[in-house]
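Fair warning: this is a prediction, and the values are worked out from it, not measured in the lab. Below, all heavy atoms of this structure are taken into account, side chains as well, without hydrogens, waters or symmetry copies.
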There are 2 protein chains.
Amino acid sequence: MNRRVRQQDIARKLGVSINTVSLALKDSGRINEDTKLKVQEVAKALNYIPNSIARSLVQKRTFVIGFILPSITNPIQIETAQNIERKLLANGYNMMLMTSDYDKNYETKALDILLSRQVDGIFMFPTDIQNQKKSQEKIKAIRDANYPIILLSGGNFNLPSDSVYMNQYLGAYKATRHLTSMGHKEIAIIYGGARNTEKHQGYIAALKDSGLEYNPNQVATVGNSSYEQGYRAASKILRNGSVTAILASGDYLALGALRWCREQGLRVPEDVAIIGFDDLEASRFAEIPLTTITYKVEELTTRATELLFSLISDQETSTWLKPRKVEIEPTLVVRQSCGFKKRSGELL
Amino acid sequence: MNRRVRQQDIARKLGVSINTVSLALKDSGRINEDTKLKVQEVAKALNYIPNSIARSLVQKRTFVIGFILPSITNPIQIETAQNIERKLLANGYNMMLMTSDYDKNYETKALDILLSRQVDGIFMFPTDIQNQKKSQEKIKAIRDANYPIILLSGGNFNLPSDSVYMNQYLGAYKATRHLTSMGHKEIAIIYGGARNTEKHQGYIAALKDSGLEYNPNQVATVGNSSYEQGYRAASKILRNGSVTAILASGDYLALGALRWCREQGLRVPEDVAIIGFDDLEASRFAEIPLTTITYKVEELTTRATELLFSLISDQETSTWLKPRKVEIEPTLVVRQSCGFKKRSGELL
DNA sequence: TTGTAGGCGTTATCAA
DNA sequence: TTGATAACGCCTACAA
């Protein structure tokens with residue numbers, strides 16, 4: 001690769017010092033207008049591009065924020081990432097995205113990589129954090145070092161971490177209660193990737209509050225949150241007859257299950273009611289529009305970036321005393337797949 | 001933020017020189033085993049994390065690869081990114097992802113940011129590159145500086161750039177020919193975001209080769225490639241009766257169109273045939289499984305990373321003489337939406 | 001096997 | 001308003 005143009009090259013060409021160039025390029029007020037213009041002109045002519053690595057080294061800031069998520073396949077996670085990227089960009093930051101593939105070892109490794117790259121802060125969708133002693137300790141250590149890290153999940157009540165998240169417990173609770181209120185007594189739940197503890201507890205609590213018993217046989221965990229796996233999960237859970245309703249931890253899972261039902265001649269919602277999670281666009285446009293629990297991306301990312309920036313700028317002050325937990329309440333969007341009838345011709 | 005641990009801190013603690021620490025940490029052979037172990041022990045105890053910014057500055061390599069794509073909403077682009085990220089990771093590289101939002105100005109700005117951050121190479125899904133003089137020049141300049149950049153699109157035949165891409169011309173050609181072979185004479189095409197020149201020319205060529213005339217009124221370009229916009233496009237293009245087939249530049253567009261047809265009482269494929277692009281999972285699981293053109297992500301990313309790494313390692317040699325163009329041939333996957341009948345019970 | 005010295009490209013500090 | 005000088009943390013020579 002050809003040698004990059006440096007400030008020194010500009011300086012030499014003009015017979016001034018590097019310092020002058022540096023000041024001129026950052027449009028400093030305390031420099032002669034003429035020299036400033038000359039420097040900027042030469043910089044442009046030589047196609048000078050500042051080396052932000054060098055700048056970062058001395059300033060101890062990279063203006064890069066790390067983002068760790070389990071799977072890029074999950075539209076919600078990706079949308080969250082994109083949304084945050086936009087907000088960061090507006091503040092002069094870039095984002096470094098890392099996927100953990102639901103691999104707990106890689107998750108902590110990703111943290112190390114980001115720290116090594118000196119990112120100014122980290123967002124993270126943790127994988128099954130309740131059961132990850134190692135991740136927990138690492139996250140705690142990072143925060144203890146006054147290093148901004150924000151979790152986008154709420155399943156870490158004992159962990160002193162700053163968090164912004166949808167209340168998944170409540171989402172599952174609302175969905176399950178809706179189903180029981182419509183008379184369902186055998187309600188299955190399916191998970192992709194790993195069982196979500198919060199959702200699971202919401203589900204169990206709703207059953208209990210409805211006077212129903214929790215039946216572990218009505219829980220299925222499949223490989224990931226795709227259509228394919230939802231299709232598989234439905235075939236497992238519905239084969240033995242009694243189940244009349246399914247709560248799926250993601251909309252794709254729900255839509256895959258819906259497809260299986262149709263192929264088996266089961267009517268949705270008459271024979272099987274289905275509710276998903278996340279309110280993806282695909283759910284609105286499905287053959288049987290899907291009842292689902294919202295994921296408020298815009299609200300979540302707004303709160304999350306606010307929190308991150310306050311941590312970044314309020315170094316060492318009261319912001320750091322007590323981790324903040326920002327909880328966002330999901331709502332149930334009732335469409336056709338759980339029994340509600342659509343009026344003809346209307347696009348839900 | 002608390003002060004980070006440096007090699008110097010380890011050195012001081014052990015009463016050795018920084019150089020010893022540096023060598024020990026990189027597991028150099030020419031150092032005493034004992035001191036090496038002691039250094040590594042202390043490093044671990046102090047929770048030392050190497051500062052890759054400093055390392056990059058001296059080594060002139062960051063082990064970061066930039067990736068520019070127009071929209072994170074597009075599942076194919078994201079899958080490509082993820083796929084490439086995995087392959088990079090296996091080689092010790094990380095990825096910096098930037099979205100251009102189909103904004104041509106931001107595209108060149110993203111290039112500058114990546115260059116400034118000293119990434120070791122760049123992948124890019126260009127936006128409408130044929131009509132972007134500015135982007136073209138920039139890309140050419142980057143390559144002329146022996147800086148590895150690979151375009152993931154083929155619509156730049158005059159541009160001396162290394163490229164790995166699906167042959168979209170051929171894809172559109174195949175799809176259109178398939179429709180004409182089934183007797184369709186009024187075939188519309190819809191685009192999301194921007195008109196894709198390659199696809200457009202394939203479409204026109206196929207019409208011509210089938211003895212049909214190109215009718216600009218049967219072309220619609222909508223805001224993006226979502227279900228919503230496909231729904232809108234269908235309402236525009238089908239309102240005036242004559243069209244009997246739609247080719248959509250993306251599967252979500254196609255599925256949105258499908259939804260509109262169903263709501264209007266139009267049968268697919270009997271009244272309207274629909275073909276999409278990209279072969280997303282959603283297409284396989286749709287109410288009417290979608291006929292579509294494949295996007296061979298795995299093959300594409302494999303070839304693309306191979307090419308990038310060869311450019312990175314073969315600095316200054318023959319690799320650089322002539323830009324390489326790797327073209328991947330798409331295939332037509334025939335499902336129900338264009339007239340082919342599914343056998344009952346079979347999951348396509 | 002280890003230590004010393006110099007430099008990567010930039011910014012910050014202080015003097016001129 | 002400018003210039004010299006010293007960092008930033010690490011690596012690569014080369015010397016000891």
*For B:Ile18 and A:Asn32, take the nucleotide of DNA chain D holding the closest heavy atom to each; which residue's nucleotide lies nearer the 5' end?*
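Taking each residue's closest nucleotide, the earlier one in sequence belongs to A:Asn32.
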
Between [options], which one does the side chain of [X] approach most closely?
| X | options | result |
| --- | --- | --- |
| B:Gln7 | D:dC11, C:dT10, D:dT1 | D:dC11 |
| B:Val16 | D:dC11, C:dT11, C:dG3 | C:dG3 |
| B:Ala54 | D:dT12, D:dC10, C:dT11 | D:dC10 |
| B:Ile31 | C:dT10, D:dC10, C:dT2 | C:dT2 |
| B:Asn51 | D:dG9, D:dC11, C:dG3 | D:dG9 |
| B:Ser17 | C:dT4, D:dA4, D:dT12 | C:dT4 |
| B:Lys26 | D:dG3, C:dC8, D:dT12 | D:dT12 |

d([atom1], [X]; [atom2], [N]) in whole Å:
| X | N | atom1 | atom2 | answer |
| --- | --- | --- | --- | --- |
| B:Arg12 | D:dG9 | CZ | P | 11 Å |
| B:Asn19 | C:dT4 | CG | C1' | 9 Å |
| B:Arg61 | D:dC11 | CZ | P | 14 Å |
| A:Leu37 | D:dT1 | CG | P | 13 Å |
| B:Ile53 | C:dG9 | CD1 | P | 15 Å |
| A:Leu57 | D:dC10 | CG | C1' | 8 Å |
| B:Lys60 | D:dG9 | NZ | P | 20 Å |
| A:Leu23 | C:dT13 | CG | P | 12 Å |

*asked:* Would you compute the distance between atom CG of A:Leu23 and atom CG of A:Asn32 and round it to the nearest 0.5 angstrom?
replied: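 The CG atom of A:Leu23 sits 12.0 Å away from the CG atom of A:Asn32.
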
*Are A:Asp9 and A:Arg12 within salt-bridge range, i.e. N to O under 4.0 Å?*
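Here A:Asp9 does not pair with A:Arg12 in a salt bridge, since their nearest N and O are not under 4.0 Å apart.
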
*Under the salt bridge (charged side-chain N to carboxylate O under 4.0 Å, His left out) rule, what do A:Glu33 and A:Lys36 come out as? Steps first, then yes or no, please.*
CA-CA 5 Å; A:Glu33 268 301 318; A:Lys36 190 193 288 185; 3.4 Å; yes

*Answer whether the closest heavy-atom distance between the side chains of B:Pro50 and B:Arg55 falls below 4.5 Å.*
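Yes; the side chains approach each other to less than 4.5 Å.
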
*Across the strands shown, which category fits B:Ser56 at heavy-atom distances under 4.0 angstrom: base, sugar-phosphate, nothing?*
nothing

_For a quick check of understanding: with a heavy-atom distance under 4.0 Å over all strands, which category does B:Ser52 fall into, base, sugar-phosphate or nothing?_
nothing

Using OP1 and OP2 only, check whether a side-chain N or O of [X] sits under 4.0 Å from [N].
| X | N | result |
| --- | --- | --- |
| B:Thr35 | C:dT2 | yes |
| A:Lys36 | D:dT1 | no |
| B:Ser22 | D:dC10 | no |
| B:Gln8 | D:dC8 | no |
| B:Tyr48 | D:dG9 | no |

*Partner of A:Asp162 by side-chain hydrogen bond (donor to acceptor under 3.5 Å, both in side chains), out of A:Arg143, A:Arg324, A:Lys322*: A:Arg143

*Is there a donor-acceptor contact under 3.5 Å linking the side chains of B:Asn83 and B:Lys87?*
yes

